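For reference, the structure is listed below as structure tokens.
If you're wondering where the values come from, they're calculated on a predicted model, not measured in any experiment. Positions are given from 1, in the same order as the sequence printed here.
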Amino acid sequence: MFIEPAETQVRALSTVQVAQLDAALNEIAADPADVKAHATASALRDYHHSGVRIVFYATALGSILIITYVEVD
């Protein structure tokens, strides 16, 4: 689930960037707890890999990811 500003950021991505984002989201979904905690907000997770950055938090059971920020180089 994307919330603002991530929703707007995703709409601006190219097809290639969306494919990169999808791959990263699949990796995160496999084990969201394995992603390091955000530096300033412990409830958030901060994923960086291969030009993709995703800031998110998971619901209590980890079954839903709430995406708050997206960058794709």
### Query
Taking all atoms of both residues into account, what is the closest heavy-atom pair of Ala6 and Phe2, and its distance?
CB-CD2, 4.0 Å
### Query
Nearest heavy-atom pair of Ser42 and Ala37: which atoms, and what distance?
O-CB, 4.3 Å
#### Entry: Leu21 and Ile54: CA distance, side-chain angles, deciding distance, side-chain contact (heavy atoms from CB on, under 4.5 Å) verdict
CA-CA 9 Å; Leu21 177 62; Ile54 302 170; 3.6 Å; yes
Restricting to side-chain hydrogen bond (donor to acceptor under 3.5 Å, both in side chains), what partner residues turn up for [X], sequence neighbours left out?
X	answer
His49	none
Thr15	none
Gln9	none
Gln20	none

Could you list the donor-acceptor pairs under 3.5 angstrom formed by side chains in residues 29-36, with sequence neighbours left out?
none

## Note on the structure
Between the OH atom in Tyr47 and the CD1 atom in Ile67, the distance rounded to the nearest 0.5 Å is 11.5 Å
### Query
Can you tell me how far the OG1 atom of Thr68 sits from the CG atom of Leu44, to the nearest 0.5 Å?
5.5 Å
### Task
List for me each residue that meets side chain to side chain contact (heavy atoms under 4.5 Å, CB included) alongside Ile66, sequence neighbours excluded, and say none if there are none.
Met1, Ile3, Tyr57, Ile64
### Task
Could I get the full list of side chain to side chain contact (heavy atoms under 4.5 Å, CB included) partners for Thr40, not counting sequence neighbours?
His38
### Query
Quick one: salt bridge (Lys or Arg N to Asp or Glu O under 4.0 Å) partners of Asp22, sequence neighbours excluded?
none
### Query
Which residue pairs pass the salt bridge (Lys or Arg N to Asp or Glu O under 4.0 Å) test when at least one of the two sits in residues 41-59, sequence neighbours left out?
Asp46-Arg53, Arg53-Glu71
